[in-house]
Amino acid sequence: MTAKPVKVDVKAIVLLIVLCASWGLQQISIKIAVQSIAPALQGGIRSIGAAILLYLWMVARREKMDLNDGTFWWGMAVGLFFSIEFLLIYWGLEFTSASRSVIFLYTMPFFTAVGAHWFVRGESLKRAQLTGLCCAFLGIIVAFSESIGNPRSLMLVGDTMLLLAAFFWAAATIMVKASPLSEIRASRVLLYQLVVSAVVMPLGAVLLGQTAFTNATPLILGCIAYQIIWVAFITYLAWFWLIRNYPASKLSAFLFLTPLFGVLEGAILLDEHITFRLLTALAMVCTGIYVVNRTPGRKPSESATLPVVKD
């Protein structure tokens with residue numbers, strides 16, 4: 001069995017870039033679909049659809065689903081964190097803008113870094129790596145600084161919800177790494193979360209009064225299909241494979257790319273203007289990623305060549 005790499009290699013970087021681009025596009029698909037489907041209901045539909053797809057995929061692969069292997073209650077806890085995270089995201093977006101929300105949601109790497117330091121063996125961060133995370137986060141602040149000024153009281157409510165969502169996202173990530181869930185297949189970890197959220201989120205939609213479903217055009221249905229098939233099924237499965245095989249705190253640095261991809265994709269699909277401030281933010285994020293993943297004690301030219309993991 002090949003030993004787990006201690007840093008993020010080329011294969012992981014490519015996969016992370018694809019995931020971040022996909023998650024950035026998800027925000028656009030949610031905004032489009034919300035015209036016809038209430039936000040929390042969208043999340044519930046996504047979880048139900050993706051859970052069914054994942055279950056069928058596991059059956060086709062003849063994967064065992066042993067509930068007596070000591071992971072059941074861990075899986076329920078992670079699923080609950082996952083559900084709360086997305087309920088807060090969807091509900092919070094009713095009070096704040098998408099650009100503001102992404103600033104607070106992507107404080108997740110800070111929560112992850114602290115949690116990994118205390119609960120995951122071998123994942124403590126050095127001062128230089130913390131500097132890299134701060135640099136990347138400041139890049140996000142620069143990118144969205146135009147939307148920070150003059151927040152209204154309702155925006156502050158939404159901002160708080162998104163900050164709490166980031167905490168629950170990080171808690172789920174750390175729990176997967178620090179519990180028996182790290183010893184099972186990524187598909188089972190994801191199934192736990194999707195099944196729990198498939199129950200919790202529709203209930204949340206009812207409690208929040210977010211059950212509207214009107215005028216389902218092909219575009220709207222396409223956005224929902226994208227969220228179910230590509231995002232919640234394929235990319236989440238890939239993400240949980242990554243956090244089982246690479247340091248969670250270092251993977252988290254790449255998540256700062258997601259809102260930047262979202263803005264770039266918005267410029268292409270929604271004709272939004274790209275400013276010099278955004279390009280500056282992109283440079284800061286790339287610098288932060290390099291610092292976080294740089295091996296201490298090596299020259300930059302040596303650390304730039306990352307090893308490739310063999311299957």
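The structure presented is a predicted model; accordingly, all values stated were derived computationally and were not measured. What's counted below: heavy atoms across the whole structure, side chains too, no hydrogens, waters or symmetry copies.
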Looking only at heavy atoms, which two atoms of Met175 and Ala77 are closest? And how far apart?
SD-CB, 3.7 Å
Sequence neighbours excluded, the answer for salt bridge (charged side-chain N to carboxylate O under 4.0 Å, His left out) partners of Arg185 is none
Pair Met284-Cys135, side chain to side chain contact (heavy atoms under 4.5 Å, CB included): steps then yes or no:
CA-CA 6 Å; Met284 295 178 70; Cys135 180; 4.3 Å; yes
Which atom of Leu191 lies closest to which atom of Leu54, heavy atoms considered
N-CD2, 3.4 Å
Ser187: which residues meet the side chain to side chain donor-acceptor pair (under 3.5 Å) condition with it, sequence neighbours left out?
Glu63
Cluster question for you: counting only ILVMFWY and a side-chain heavy-atom cut-off of under 4.5 Å, with indirect links fine, are Trp23 and Ile32 together?
yes
Any Lys11 side-chain heavy atom under 4.5 Å of Asn245 side chain:
no
Kindly work out whether a path of hydrophobic side-chain contacts (I/L/V/M/F/W/Y, heavy atoms less than 4.5 Å apart) joins Leu53 to Leu221.
no
Taking distance alone, no hydrogens or angles, what donor-acceptor pairs closer than 3.5 Å link side-chain atoms of residues 222-234 to residues at least two apart or in another chain?
unit_1	atom_1	unit_2	atom_2	d
Tyr226	OH	Ser22	O	2.8
Gln227	NE2	Gln42	OE1	3.0
Trp230	NE1	Ser22	OG	2.6

Tabulate below the donor-acceptor pairs under 3.5 Å that side-chain atoms of residues 198-205 make, not counting sequence neighbours, or state none.
none

If every non-hydrogen atom of Ser47 is compared with every non-hydrogen atom of Ser197, which pair is closest and at what distance?
OG-OG, 2.8 Å
Determine whether Ile89 and Trp169 make a side-chain contact, defined as any pair of heavy atoms from C-beta on separated by less than 4.5 Å.
no
Specify the closest pair of heavy atoms between Leu162 and Leu88, including all atoms of both residues, with the distance to one decimal.
CD2-O, 4.2 Å
Phe254 vs Leu242 side-chain heavy atoms within contact, under 4.5 Å:
no
Check the hydrophobic clustering (I, L, V, M, F, W, Y; side-chain heavy atoms under 4.5 Å; chains of links allowed) and say if Phe82 and Phe167 are grouped together.
yes
Within a strict 4.5 Å, meaning less than it, do heavy atoms of the Phe137 and Ile141 side chains meet?
yes
Under the salt bridge (charged side-chain N to carboxylate O under 4.0 Å, His left out) test, residues paired with Arg62 that sit two or more places apart
none
Can you give me the closest heavy-atom contact between Ile220 and Ser36, atom names plus distance?
CG1-OG, 3.7 Å
Val196 and Leu207: same hydrophobic cluster, using ILVMFWY side-chain contacts below 4.5 Å?
no
Parallel, tilted or perpendicular: which fits the ring planes of Tyr236 and Phe86, with parallel below 30° and perpendicular above 60°?
tilted
What are the two closest heavy atoms between Ala212 and Leu41, and how far apart are they?
O-CD2, 3.7 Å
Can you sort out the partners of Phe81 under ring-ring contact (aromatic ring centres under 6.0 Å, His included), two or more places apart, ordered by chain and number?
Phe168
Are Leu269 and Leu257 connected in the hydrophobic side-chain network, where two residues link if heavy atoms are under 4.5 Å apart?
yes
Can you confirm whether Leu25 sits close enough to Phe261 that some side-chain heavy atom of one is under 4.5 Å from a side-chain heavy atom of the other?
no
